[in-house]
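Scroll down for the structure; my scribbles are underneath it.
Chain A is the first sequence line, chain B the second, and so forth, proteins listed ahead of strands; every chain is numbered from 1.
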There are 2 protein chains.
Amino acid sequence: MTTRRSYNQYCGLASALNVLGERWTLLIIRELLMGPRRYSELLSDLPGLGTNLLSERLKFLVENEVVRQTDVQGTGFRLSYELTETGLRLRPAVLSLARWGMEFVDEVAETDVVRAHWGFLAVEAMIDTARVGAVGESYEFRVEGEIFHIDVADGKARAVKGPASNPAMVAVTDATTFVRIGSGRLTPLAAMVTGKLSLEGGIDAVLRCCELLGLEAGPAQTAAAGVAHRV
Amino acid sequence: MTTRRSYNQYCGLASALNVLGERWTLLIIRELLMGPRRYSELLSDLPGLGTNLLSERLKFLVENEVVRQTDVQGTGFRLSYELTETGLRLRPAVLSLARWGMEFVDEVAETDVVRAHWGFLAVEAMIDTARVGAVGESYEFRVEGEIFHIDVADGKARAVKGPASNPAMVAVTDATTFVRIGSGRLTPLAAMVTGKLSLEGGIDAVLRCCELLGLEAGPAQTAAAGVAHRV
DNA sequence: CTGCATCCGCCTCGATACTG
DNA sequence: CAGTATCGAGGCGGATGCAG
């Protein structure tokens, strides 16, 4: 029953894919990278995934100690699923894949699903560690109710859930616009002009944030900054 | 015909998996990360992969501009497949997955396949960029005829095919032993005792190389070094 | 011989229905 | 809410065919 198909290769990548390679598995991991989830939450955030497959995937991941289930009490109520230490170590690999896939994100289709909390992972994936500036500041993002921010300090940048204490920039937008900007199909400037994005904060902070995320602010960087400080 | 199954999610990871997520695809990418390959070479290095699937995967990857076909000569007879710029950008993601999967590498089974050139990718994945020392030197590896080395210079380490010009250490072993060491199931010291691994070079260089690859040389680091300088 | 295409049995996937 | 049971459609894997 637990015997699954294997690549039968004595190699790290093949072993990783023996665990993660089947359909939906890495998307389940993505969800759990943003915190523990209940069974029904996973089902509703991953449309197209059948309940039998979710059940089977979770069971398999638990067996392989990538995911664990946490009970509230000993009552047998299985409350939620969360990543183990091993599972959490997948973060760089998942972010790296997500970053690569950004350029394959097509224009949004009728049937496409978007979730606001995916923006968190998108931002984390977009952070260009080579372009972290010397300044220490935070940029806050509010995507359809989901709030998170980037903290830049000590030459490192990290994505954190929740609001920033004293953000140098605040961006408010919807999930679709967020992904379109991230995929390069829309510039922040263009999004602001159409009212899909609002930015608060200083010109310099906005430009540094765009730089950090590898975004061109718009047709002319200075033009974008000019708009930004008026909003 | 070319319409394939899609996750229908407006997200970088889902888009990446729409291209790479099907069975065998990432293993084909792994092969091509180590240079252009002919169709028949891919078939023989990926046992279990049917010829129809290989054909289909390659066609799909070419359509998505991850892989391109090149004629060896102008004859059009002998084709080889190689990664495009987009495909080459998968290197960090593949290495990251390979690194994660190392701990899932079980003891080698009867049915398991090993290829010497996989050692190259394994070494590249194991390099711990946080532990690159200040010294500039090279470590050479000879795995069943495949020769490659790590160059450490300017605080960076990179894996290179071919022999090193003036290696501070030379390791000779077989592919299975190589992977067993990489997965932590065997220490370099233990491998040397059983004659599966031979090391040449100074004590310090060997220890620095182990440090760089995140390996414990053996039960006692100094003991391993003691053996190393006698070989 | 290389580089595929075709055919076929089987297993996985995905949707729906059902149970505690 | 959290799964299990069932079943048709399609992807997978092996064998075979075939053209350059």
Side-chain angles (χ1 to χ4, degrees), chain A residues 1-9 14 17-28 31-32 36-63 67-82 111 113, chain B residues 1-9 14 17-28 31-32 36-63 67-82 111 113:
Chain A
M1 193 60 184
T2 319
T3 51
R4 313 194 49 94
R5 207 155 39 167
S6 162
Y7 286 112
N8 293 318
Q9 294 185 0
L17 293 177
N18 281 336
V19 178
L20 308 172
E22 286 168 298
R23 203 163 160 74
W24 293 106
T25 302
L26 273 172
L27 294 179
I28 295 170
E31 296 299 312
L32 297 180
R37 291 294 154 97
R38 315 228 347 220
Y39 189 91
S40 54
E41 292 178 300
L42 290 171
L43 265 187
S44 69
D45 279 341
L46 296 170
L49 170 59
T51 172
N52 57 341
L53 269 209
L54 177 58
S55 170
E56 190 183 320
R57 295 290 183 266
L58 286 173
K59 197 184 305 177
F60 182 69
L61 289 172
V62 168
E63 279 174 14
V67 169
R68 79 168 74 90
Q69 35 193 348
T70 55
D71 308 313
V72 158
Q73 307 281 1
T75 57
F77 275 138
R78 288 169 181 173
L79 191 70
S80 62
Y81 292 90
E82 64 182 9
T111 54
V113 173
Chain B
M1 193 61 185
T2 319
T3 51
R4 312 193 50 95
R5 204 154 42 164
S6 162
Y7 285 113
N8 294 318
Q9 294 185 0
L17 293 177
N18 281 336
V19 178
L20 309 171
E22 287 169 296
R23 202 162 160 73
W24 292 106
T25 302
L26 273 172
L27 294 180
I28 295 170
E31 296 298 313
L32 297 180
R37 290 294 154 96
R38 309 257 310 261
Y39 187 90
S40 54
E41 291 179 299
L42 290 171
L43 264 189
S44 69
D45 279 341
L46 297 170
L49 170 58
T51 171
N52 56 342
L53 268 208
L54 177 57
S55 170
E56 190 183 321
R57 295 290 183 267
L58 287 173
K59 195 185 304 176
F60 182 68
L61 290 173
V62 167
E63 279 174 13
V67 169
R68 79 167 76 88
Q69 285 183 318
T70 57
D71 302 333
V72 169
Q73 304 288 351
T75 61
F77 265 163
R78 309 204 144 191
L79 299 169
S80 69
Y81 293 88
E82 64 182 12
T111 54
V113 173

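Just one residue in the list Leu49(B), Leu27(B), Leu46(B), Val113(B) forms a side-chain contact (heavy atoms from CB on, under 4.5 Å) with Tyr7(A), and that residue is Leu27(B). A side-chain contact (heavy atoms from CB on, under 4.5 Å) with Glu22(B) is found for exactly one of Leu20(B), Val19(B), Thr25(B), namely Thr25(B).
In terms of phosphate contacts, Arg57(B) brings a side-chain nitrogen or oxygen within less than 4.0 Å of OP1 or OP2 of dC12(D). Between Lys59(B) and dA5(C) there is a side-chain polar atom (N or O) within less than 4.0 angstrom of OP1 or OP2. Contact between the side-chain N/O atoms of Arg5(B) and the OP1/OP2 oxygens of dC13(C) is not found at any separation under 4.0 Å. OP1 or OP2 of dG14(C) has at least one side-chain nitrogen or oxygen of Trp24(A) nearer than 4.0 Å.
The separation between Phe60(B) atom CZ and dC4(C) atom P is 17 Å, rounded to whole Å. Summarising the geometry, the separation between CG on Leu79(A) and P on dC1(D) is reported as 12 Å, rounded to the nearest angstrom. As rounded to whole Å, 6 Å separates atom C1' of dC13(C) from atom CG of Leu53(A). Following rounding to the nearest Å, Glu22(A) (CD) and dC13(C) (P) show an atom-to-atom distance of 5 Å. Atom CD in Glu56(B) sits roughly 12 Å away from atom C1' in dG13(D) (whole-Å rounding). When the C1' atom of dG13(D) is taken as reference, atom CD1 of Ile28(B) falls 14 Å away, rounded to whole Å. Computed from coordinates, the Gln69(B) CD to dT2(C) P distance equals 17 Å when rounded to whole Å. Distance OH (Tyr81(B)) to P (dC4(C)): 3 Å, rounded to an integer number of Å.
Partners of Arg37(A) by salt bridge (charged side-chain N to carboxylate O under 4.0 Å, His left out), not counting sequence neighbours, listed by chain and number: Glu31(A), Asp45(A). By the side chain to side chain donor-acceptor pair (under 3.5 Å) test, Glu41(A) is found to be paired with no residue, residues two or more places apart in sequence or in another chain being considered.
Nearest-nucleotide assignment on DNA chain D puts the 5′-proximal partner with Tyr39(A), out of Tyr7(A) and Tyr39(A).
Among the heavy atoms of the strands lying under 4.0 Å from Thr51(B) is at least one base atom, whether or not backbone atoms are also near.
For Ser55(A), counting side-chain heavy atoms from C-beta on, the closest listed nucleotide (dC1(D), dG14(C), dT4(D)) is dT4(D). The side chain of Arg23(B) lies closest to dG13(D) when the candidates are dG13(D), dG11(D), dA2(D).
Rounding to the nearest 0.5 angstrom, the gap separating the OG atom in Ser55(B) from the CG atom in Leu43(B) is 9.5 Å. To the nearest 0.5 Å, atom CZ of residue Arg38(A) and atom OG1 of residue Thr70(A) are 10.0 Å apart.
Aromatic ring orientation, Tyr39(B) versus Tyr81(B): tilted (interplanar angle from 30° to 60°).
Residue Asn52(A) places no side-chain atom within donor-acceptor reach of the base of dG3(D), judged by atom type and a 3.5 Å distance cut-off alone.
Note on the helix from dC1(C)-dG20(D) to dG20(C)-dC1(D): angle between the axes of the first and last five pairs equals 30°, rounded to 10 degrees.
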